[in-house]
Every structure is written in C-alpha cells, then in structure tokens.
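Just so it is clear, the values below take in all heavy atoms, side chains as well, and ignore hydrogens, waters and symmetry mates. To find a chain, count down the sequence lines: A is the first, B the second, and so on, and within it residues start at 1.
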Amino acid sequence: MVHLPTRFDGRRKSAEYEAVVRAGPHLRRLQQAHAHLVVTGCHRSRALITKLLTLSCAAGSISYTRRLYRSLAHPDSFLFNSLIKASSKFGFSIDAIVFYRRMLLSRVTPSSYTFTSVIKACADLSLLRVGTLVHSHVLISGYSSDSFVQAALVTFYAKSCAPRVARKVFDEMPQRGVVAWNSMISGYEQNGLANEALAVFRRMVESRVEPDSTTFVSVLSACSQLGSLELGCWLHECIVGSGIHVNAVLATSLVNMFSRCGDVARARAVFDSINDGNVVSWTAMISGYGMHGYGVEAMEVFHRMKDRGVVPNSVTFVAVLSACAHAGLIDEGRLVFASMKQEYGVVPGVEHHVCMVDMFGRGGFLNEAYQFVKGLSSEELVPAVWTAMLGACKMHKNFDLGVEVAENLISAEPENPGHYVLLSNMYAFAGRMDRVESIRNVMIQRGLKKQVGFSTIDVDNISYLFSMADKSHPETNEIYHYLDELMGRCKDAGYAAVPELAMHELEEEEKEYALRYHSEKLAVAFGLMKTDHGVTLRIAKNLRICEDCHSAIKFMSVVTNREIIVRDKLRFHHFREGSCSCLDYW
DNA sequence: ATAGGGTTAG
C-alpha cells in the first residue's frame, strides 16, 4: 500500500487533536498537551488552539485562555465565537463581553451564535445598558428575528429587572417555541410577578404549546410565591397527567411548592419518591421542615442525608441552622455550627451568623446572642446581623440594648423603614411615647413608608386579597360584622388586645381601627365565613405576622374549633386549639 | 480541519 503524504499528515494531526481532547478540562494536562503541540510544530493549528481554548475555559482557567488568545495573530470568527461561548458558559461573563468587544474592534462579523452567548453574559451580570447596546447590534446585523437570539433577549431583560421590555420582545416574536415561553414565564417569576407568570402559562396552554419540565419548575415557583395550595395541587395533577418525567429538579420544585404552600406532609411524600436526590433536594426538604417549625424532622433528614453520603454545603447549613432556630434546638444548632466549620470546611457567612443570633435570641439566651455578635470581626458585622440582634432585644423586651442597636442600624441604613419601626416599637414598649412620636416625624420627613401588608386566602379556587382596613371586597360589611362578633367571643375567652404596635401604622387616627382590622384577621374572618367546619384555613401574608394578630388567631382557633395555617414572610404558624406551632417565638 | 445556541430547583 502506498501512503500518500497528505493522508499521513492528516492522520498525524488527528492524533494531536485526540491528545488535546483526552487531556480534558484539566489545566495541567492541557498545558502538557499544548507543550507537545509546540514540540511537534502543530501549535499554529486553529482547530487545535480552538479546542484548547474551550477546554481551558471549562477547566476554570480564564488566564490561560487569555494567554492562548493573545498568542494568535488574527483570530477568526470561529475562534471568537468559541471564546465568547466558552467564557459565558463557564461563568467568565465579563471576559465574554471583553472578547465580544475585541471581535467588533477586529472587524470580525458576529453571528447569531455570538449574540446568544454575549447576551447570556449580559443577563448573568444584569448589565442592562451593555445588553441593550448588544440588542442594537442585533437589530443592525439583521438577527432580530432569530428565535434563539430573541429567547436570549427575553431572559436578559428579565434578569436585568426589566420584565416589561422582556414582554415586549416576547410579544414581537413571530413564533414561540417552548423555550421562549419558558423564558417569559421564568422571567416574570424571578421578578416576583407570580400572577403574570401564571397568566403566560395559561396562554401557553391555550396556544397548544406543550409545557415541559422546565415550564413547570418556573410555574411551581410562581405558585410557591402565592402560597396557593389549591393551585399547587392542580399543577401537580397537570404534571402527573401530562406524563412528563419527574426528574430531580422538578421533584425538588414540587417539594418546595408543597412546603411553601403549607402542606409539608405532601412535600415529604414527593421527596420520598426521589431516587436521584442531590444536595439541593435534601436541602429543600430540610428547609421545608424548618419553616414549619419541625426541627426534629429537619435534623432527622439532615442526618439521613449525611448517612447517604450526600455532602451538605453552605445553603444546607443555613436551612439546618434556621430549622434549629425556629424549633428552639439550641444545643443541636451549636453542634451543627461547629461541625460546619470543622468537618465540612464551610466558612460561615452572613446568613449563618444571622441564624445563630436568631437561634440564641429565640431560645431565650439574649446574652449569648450578644456575645456571639461581639465575637464577630468588623467586616462580619453587617446590618443583617444587627437586625437579628434587634429582633432578639425586642423579643426579650431589652430596652437599653435594643435602642442602642436600633440607633446604630438607622445610621448604617437610614433609608430602611423597618429599622425605624423596630426602634419605635422598642420605645412603645418602654412607654416613651414622646420618642415614638419623634421617630414617626423623622420617617415622614425622610419620606419613608412602611411596607403595605396584605394577606391572601383561597376559597373555591379563587384567591382573595385583603389589606389593612380594606373595604374593597363586596361583602365588606358582612366580613367586618362577622369579625367584630368573633373578636367579642375571643374576648370572652380571655383575649386582650396586644398594645405592642400602638405605632404599627403611621396614620395616627387609624391606629386602633387598623389594629382591629389587620389583613390577616380579615382573611381569617372571611375564610371562616365561607368554608365549612372542619376545613383548614390557609392564609399567606407578605410581612411578619404581628403580635396582636398572632394572639387573636390563637383564640379564634379555639372559639371556632378550626385549624388555621398562616404563612408569614419567614415561616408557618399552625394554629390549633389555642396554641401555635411556633411556640410564640418567631 | 475547529463549536454550535435560548429556558429550570435549595
């Protein structure tokens, strides 16, 4: 047989290529392969350099990638696309944008592939201005009707907190595949626009586009935001009925949805059906138990997770410590915090510190909470830690320390209305109504407003929203009348209004009225009126439940013999027979 | 010769 030189040459190059591929995404092995290419004289091969570039990016070494790039005289469009794609894919978003700029400066024409990658980089960095500029390049280059570029733009605008622009791009798409719908749904969901996300989902179904597991992951998140169990159960049925394979990601979304909608037993049932659970699924279950105050169950799952060889990470420890805090498991929490550092090498962050302060505070160890705070370095003493400390002071009615902490917090974050409200509450406790008044004036001067609280409840698949002293509901008179009558029965049973939040609302004349008609009370009254005896009420509130409402609902659960579940900003309260699952620490 | 796209969980 005759071996022609060209053929021989081709085979030799292929062997070099194989050597680079074999090195894989490992920096040292890639450098060895590179050195070998230099020795054999193949280092000028574009194909090999391109492969080396993407692999070094995958190996996490952007500096080596840059060196390879600089070694090239005239990079072509292939090389730029590979560079931009790889750097954006592996998290080097800024480099992706820098390479894109170099591409333009080198007068190399970008393609739709270039745009999808560079737009993703802008999305990951939420760079609205840069991304908008790239969008203009898209329009000039004539790629504005490319469906991949459009879907990338939808995601980009959504991640840059511009969901309305995202919607505009979405609406202008001539045809929308499942990914485009998913981009829009997740875009709304991530901006906290749960109802909008669900509306797009319904339109997607009407348009006869089959939702896939990604669709449901986003829709379930939207449902979790709303806290609507009825909606969640319907979605669960949709998933089962559609025959979609419930992978670990989707199952974890279901666990999260059921937990956040108040049905932790169903969350557990889904969790038990997961075969290929990873650290995220386990963490979701732990956090689900934690927010319901089931600390023992959370610890049990945590230990089983470790027995199965799943390694907990930083997020897992936040879930575990928070579960300990909400269940009063101080000793367990201490051990977990120590093992987190020693056994797992997880460096405690702000969230872990907040959990610890919270845990000591709730558990009645105010002094220990303060010692913990004082043991932190100055860089670790961020406002969130002080806020937790302030919450502990409030709980234990420690006026002096609380005022000191609150004043520091206000000087650190003068625009956060929550700090003023807490300080005001401290003064109200101490009977210093003059100080309460002056804080109120400062808030008015600085144009600060308390967040508006609202509560939702579902009755017969319809979600009803109540805000404080709300009168928009058509049956307002009946609801208020029922609530007054109910509060009368509670008083007979021993309820006394908790004067805590004398300053809960800024409008003086509405104080007492406001307290009597807080949104959660209205929602409970409405639910009691509209549902049969034996039906558990589920209410979701956007802020923390107030002390007076907490006390009132405990009495309501007795006098009406009902189970009432309230989700507030941080956790669940299960009211039954006059007591609450939070044991009055929240 | 070289790569190949947009969406998803705690």
Out of [options], which nucleotide sits closest to the side chain of [X]?
X: A:S281; options: B:dA9, B:dA1, B:dT8; answer: B:dA9
X: A:V217; options: B:dT8, B:dT7, B:dG5; answer: B:dT8
X: A:S45; options: B:dG6, B:dA1, B:dA9; answer: B:dA1
X: A:S287; options: B:dT2, B:dT7, B:dG10; answer: B:dG10
X: A:V179; options: B:dA9, B:dG10, B:dT7; answer: B:dT7
X: A:A47; options: B:dG6, B:dT8, B:dA1; answer: B:dA1
X: A:T252; options: B:dG6, B:dA9, B:dT8; answer: B:dA9

Just checking, A:R46 and A:F78: is the charged tip under 6.0 Å from the six-membered ring centre and within 45° of the axis?
->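 No, A:R46 and A:F78 do not form such a contact.
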For [X] and [N], give me the distance from atom [atom1] to atom [atom2], rounded to whole Å.
X: A:L48; N: B:dA3; atom1: CG; atom2: P; value: 10 Å
X: A:Y289; N: B:dG10; atom1: OH; atom2: P; value: 18 Å
X: A:L52; N: B:dA3; atom1: CG; atom2: P; value: 11 Å
X: A:I49; N: B:dA1; atom1: CD1; atom2: P; value: 18 Å
X: A:R46; N: B:dT2; atom1: CZ; atom2: P; value: 15 Å
X: A:F201; N: B:dT8; atom1: CZ; atom2: C1'; value: 14 Å
X: A:L254; N: B:dG10; atom1: CG; atom2: P; value: 12 Å
X: A:L235; N: B:dA9; atom1: CG; atom2: C1'; value: 15 Å

Partner set under side chain to side chain donor-acceptor pair (under 3.5 Å) for A:D171, not counting sequence neighbours |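 Per chain and number, A:D171 pairs via side chain to side chain donor-acceptor pair (under 3.5 Å) with A:R167.
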Side chain to side chain donor-acceptor pair (under 3.5 Å) partners for A:K120, two or more places apart =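 With neighbours one apart ignored, the set is A:D124.
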Ignoring backbone atoms, test whether [X] places a side-chain nitrogen or oxygen under 4.0 Å from the OP1 or OP2 oxygen of [N].
X: A:K89; N: B:dG6; value: no
X: A:K51; N: B:dA3; value: yes
X: A:Y17; N: B:dA3; value: yes

Per-pair stack call A:W181 and B:dT7, 5.5 Å, 30° |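 Given the distance and angle limits, no, they do not stack.
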Do any of [range] sit with a heavy atom less than 4.0 Å from DNA chain B, and if so which?
range: residues 123-148 of chain A; answer: A:D146, A:S147, A:F148
range: residues 185-194 of chain A; answer: A:S186, A:Q190
range: residues 299-310 of chain A; answer: none

Once you apply a heavy-atom cut-off of 4.0 Å, does [X] come out as touching a base, just sugar-phosphate, or nothing?
X: A:V279; result: base
X: A:N278; result: base
X: A:N81; result: base
X: A:A251; result: nothing
X: A:T316; result: base

Check: A:Y294/A:H326 side-chain N/O donor and acceptor closer than 3.5 Å =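 Distance-only check fails for A:Y294 and A:H326.
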is_close_aromatic(A:Y100, A:F80), centroid dist under 6.0 Å =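 Ring-ring flag for A:Y100/A:F80: false, centres at least 6.0 Å apart.
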Please find out if less than 6.0 Å separates the ring center of A:Y157 from that of A:F170.
->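 For A:Y157 and A:F170, the ring centres are not under 6.0 Å apart.
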Between A:R544 and A:D568, does at least one N-O distance fall below 4.0 Å, as a salt bridge requires?
->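 Salt bridge flag = yes for A:D568 with A:R544.
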Kindly state each residue pair satisfying side-chain hydrogen bond (donor to acceptor under 3.5 Å, both in side chains) with at least one member in residues 244-256 of chain A, sequence neighbours excluded.
->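 Non-adjacent pairs meeting side-chain hydrogen bond (donor to acceptor under 3.5 Å, both in side chains): A:T252-A:S281.
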With [X] via ring pair (Phe, Tyr, Trp, His ring centres under 6.0 Å) - residues at least two apart:
X: A:F92; answer: none
X: A:F148; answer: none
X: A:H573; answer: A:H550, A:W586

Please evaluate the base of B:dG10 for a donor-acceptor partner in the side chain of A:N313 within a cut-off of under 3.5 Å?
->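 Result: at least one qualifying N/O pair found.
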Is there a donor and acceptor pair closer than 3.5 Å between the side chain of A:S112 and the base of B:dG5?
->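 Checked by distance alone, the answer is yes.
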Side chain to side chain contact (heavy atoms under 4.5 Å, CB included) against A:V205, all qualifying residues, sequence neighbours excluded =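 A:V205 satisfies side chain to side chain contact (heavy atoms under 4.5 Å, CB included) with A:F201, A:P211 once adjacent residues are dropped.
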Residues that A:R22 engages under side chain to side chain contact (heavy atoms under 4.5 Å, CB included), provided they are two or more places apart |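 Per chain and number, A:R22 pairs via side chain to side chain contact (heavy atoms under 4.5 Å, CB included) with A:E18, A:A19.
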Name every donor-acceptor pair, under 3.5 Å, that has one atom in a side chain of residues 231-238 of chain A and the other anywhere in the protein, sequence neighbours excluded.
none

